[in-house]
Amino acid sequence: MSAHNDAPIADLNQSMAGMNLSKNNNRPQGNRPAPNRGGGRGGRGGANGVRYVPPHLRGKPPTEDALGVPAVERTTSWNEAPLPGNAGQPADVRLQSGGDNWNGGSRGASMEPPYPQRTQTWGGNAGGRGGMARDRSWGGRGGGGTYGGAGRSFGRSPSQGAWIDGQHVPGQSNPNLERQLYGEPEDKDRQATGINFEKYDDIPVEVSGQNSPDPITTFEESNLDPLLMSNIMLARYKSPTPVQKYSIPIGAAGRDLMACAQTGSGKTGGFLFPILHYAFQTGPPAIPPTTGGSMYRSPKAFPIALILAPTRELASQINDECRKFSYRAWTRPCVVYGGADIGQQIRQLDRGCDVLIATPGRLVDLLERGRVSLAAVHFFVLDEADRMLDMGFEPQIRRIVEGEDMPDVHNRQTLMFSATFPREIQMLARDFLKDYVFLTVGRVGSTSENITQKVEYVEEEDKRSVLLDILIAETREGGLTLIFVETKRMADILCDFLVMENFPATAIHGDRTQRERERALESFRGGRTPIMVATAVAARGLDIPNVTHVINYDLPSDIDDYVHRIGRTGRAGNMGLSTSFFNRGNKNIVRSLISLLTEANQEVPQWLNVVSRENTGFGRGGRGGRGRGGGSFRSQGYGASSSGDWGRGGRSGGGGGGAFGGQDLRKPSGRTSDSRMGNGGSFGGNSRGSGFGGPSYGGNSGFDDPRSGWF
Ligand SMILES: Nc1ncnc2c1ncn2[C@@H]1O[C@H](COP(=O)(O)OP(=O)(O)OP(=O)(O)O)[C@@H](O)[C@H]1O
């Protein structure tokens with residue numbers, strides 16, 4: 001019996017009657033004993049309908065969450081009450097419920113109410129030892145079956161497909177679940193494609209690598225598995241994005257891929273479609289004989305695909321996408337990440353895990369506990385690959401890839417995706433790839449032209465008032481505003497400030513608990529707090545519909561981080577706006593910022609060009625060199641009251657250091673008399689007397705390495 005058959009128990013018994021249980025086409029008929037646990041727990045679970053209560057919740061009132069934590073806890077933020085869809089349940093409670101819901105996910109739509117009693121039985125109706133094993137078992141007695149068969153009774157629902165006798169048998173349609181997974185056409189919390197979706201096709205694509213397969217132009221010609229196609233149609237994807245046009249045939253041809261495409265252009269589908277196509281066509285893998293469990297060991301998950309992502313929220317989102325495209329299929333996605341109850345995640349893994357989405361730290365933990373084997377991994381994916389291979393993560397990635405039982409590079413398919421890919425990381429990435437295709441849609445690290453990018457000169461001390469100006473002027477119309485700051489502390493401070501000013505804001509950063517992070521994201525996504533202050537933890541990958549404005553309150557020091565941050569808007573062909581506050585602390589980014597703006601046909605403020613030209617002098621004021629008293633940028637008219645347009649005359653007058661060059665920059669392009677640009681800003685003047693690059697700006701005070709909180 002195959003452990004991957006997750007048809008309902010009753011249906012399964014029927015179908016088993018006519019099944020040749022000994023036939024198992026693509027996996028070894030191991031002579032391992034079936035773990036006692038499967039049958040045994042079936043017995044304990046008893047008949048259908050008995051509700052399983054996890055050990056740590058037994059005897060507790062149902063009002064407590066799955067972690068045993070009371071529902072009420074501190075939120076610094078506005079209105080972070082649970083979403084109606086979640087009915088007061090934190091994500092971890094969702095993990096417990098409905099059959100197709102067992103992976104949870106950050107969206108409130110993760111519930112599958114119709115089948116709770118089935119999915120929470122343990123061992124199913126067969127009961128006792130002879131029943132279907134809960135776990136993947138290895139040809140054991142009592143109908144335990146072999147891996148990949150029908151033994152996974154725990155958590156199944158009628159909509160879960162199965163792999164029976166070498167055939168993929170899709171589960172039954174479930175309109176409720178469909179609504180939850182795919183939403184209604186007009187759902188605001190789903191990313192609808194925007195008016196510029198077709199324009200993705202105008203972006204030049206470059207492919208290098210030997211014998212790269214031809215791209216497809218439509219889904220219809222892709223030869224994707226019919227069930228996957230039907231799920232893609234349910235998701236209302238009409239045509240593939242450029243990265244998908246290439247990655248689908250490249251993936252199907254068994255090739256490795258390093259793909260670089262702009263933010264919001266469908267890279268997630270770019271790797272999920274080839275994985276799921278393969279899985280739906282070939283069924284469960286054979287478990288390598290040396291790595292299976294035994295009756296004395298804990299059960300292990302043997303995913304066929306491992307997808308690594310840098311943040312919990314992104315991992316959760318990929319899991320949601322995977323669930324969407326795995327609807328009615330035999331495959332079960334599963335997500336594990338830090339900050340959440342590991343026991344809960346282990347229970348999820350025990351129920352079956354075919355596509356594992358993980359953050360590296362938690363995966364290493366589970367590998368060390370022997371709960372996951374990578375021996376059956378056919379696809380290894382690094383999403384945000386450049387981030388995953390930078391100094392923060394690289395050792396863990398190497399440990400996972402090289403220090404465990406994952407097939408070597410020649411015996412797996414490796415796919416890497418990102419919107420940015422610094423050259424040195426590309427070189428490093430080669431360690432994990434073989435004969436790969438390198439795909440670029442647009443220039444590596446370019447931004448989407450769907451994002452209108454503005455850069456405003458704002459001194460540090462003026463940022464708050466400028467921000468308020470922007471937020472007040474914003475005609476929100478249901479749009480969401482995401483504000484990036486550099487430190488966790490600043491995220492809290494700014495969020496509190498906005499709340500005090502009566503703006504509905506929340507915050508997300510690495511010092512908040514996972515529950516707080518999830519709630520913040522939910523309340524932002526749902527529009528109850530349409531302003532979210534975030535650190536870099538929210539910079540990559542998050543696909544939140546209706547983010548109409550990204551504000552870089554603090555610019556990052558790395559241009560690639562800028563690309564990812566502003567990429568939270570202007571996705572899937574929609575238009576978006578980004579505003580970045582620039583001041584002397586950001587001189588490091590100026591040149592690359594100008595290149596990026598120019599390339600994306602964005603307006604480059606004249607003053608920014610001047611900053612760039614004078615960059616060599618830009619940082620010297622602090623050292624008391626050029627800045628002292630002379631050559632003040634501002635005294636030459638930038639922000640001087642006489643210049644009118646540049647604001648209010650600055651605070652400190654010119655001359656404090658600066659040395660921004662001696663040009664008259666009055667009336668820079670596009671400025672009106674609003675207060676932002678010159679709102680006390682003193683480009684050359686600096687009341688602290690430190691000049692450009694002085695210690696107060698862009699320094700590290702209060703800076704927390706965002707990496708420390710990424711898990
Ligand atoms: N073929 C398609 N047709 C319509 N919508 C699509 C298609 N492919 C992806 N999308 C939608 O586009 C949005 C962005 O996709 P996705 O999150 O995969 O982008 P990405 O390239 O991974 O972005 P990032 O670089 O920020 O991670 C999602 O809401 C997704 O559902």
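Heavy atoms only: backbone and side chains are in, while hydrogens, waters and symmetry mates are out. Just follow the structure's listing: the first ligand is 1, and inside any ligand the first atom is 1.
Checked options Tyr436, Phe432, Phe438; the residue passing with Met416 is Phe432 (criterion: side-chain contact (heavy atoms from CB on, under 4.5 Å)).
Below 30°, between 30° and 60°, or above 60°: for His378 and Tyr278 the angle between ring planes is below 30°, a parallel geometry. Ring geometry for Phe273 against Phe325 counts as perpendicular: the plane angle is over 60°, on a 0 to 90° scale with 30° as the lower cut.
Between Asp386 and Arg423 no salt bridge is recorded (no basic side-chain N to carboxylate O distance below 4.0 Å).
Looking only at atom types and distance, the side chain of Gln602 has no donor-acceptor partner in the side chain of Thr598 under 3.5 Å away.
A donor-acceptor pair is defined here as one N or O able to donate and one able to accept, closer than 3.5 Å; no such pair exists between the side chain of Asp561 and the backbone of Pro556.
Protein residues with a heavy atom under 4.0 Å from ligand 1 are Gln191, Thr193, Phe197, Phe219, Tyr237, Ser239, Pro240, Thr241, Gln244, Gln262, Thr263, Gly264, Ser265, Gly266, Lys267, Thr268, Glu384, Gly541, Asp543, Arg568, Arg571, Ala572.
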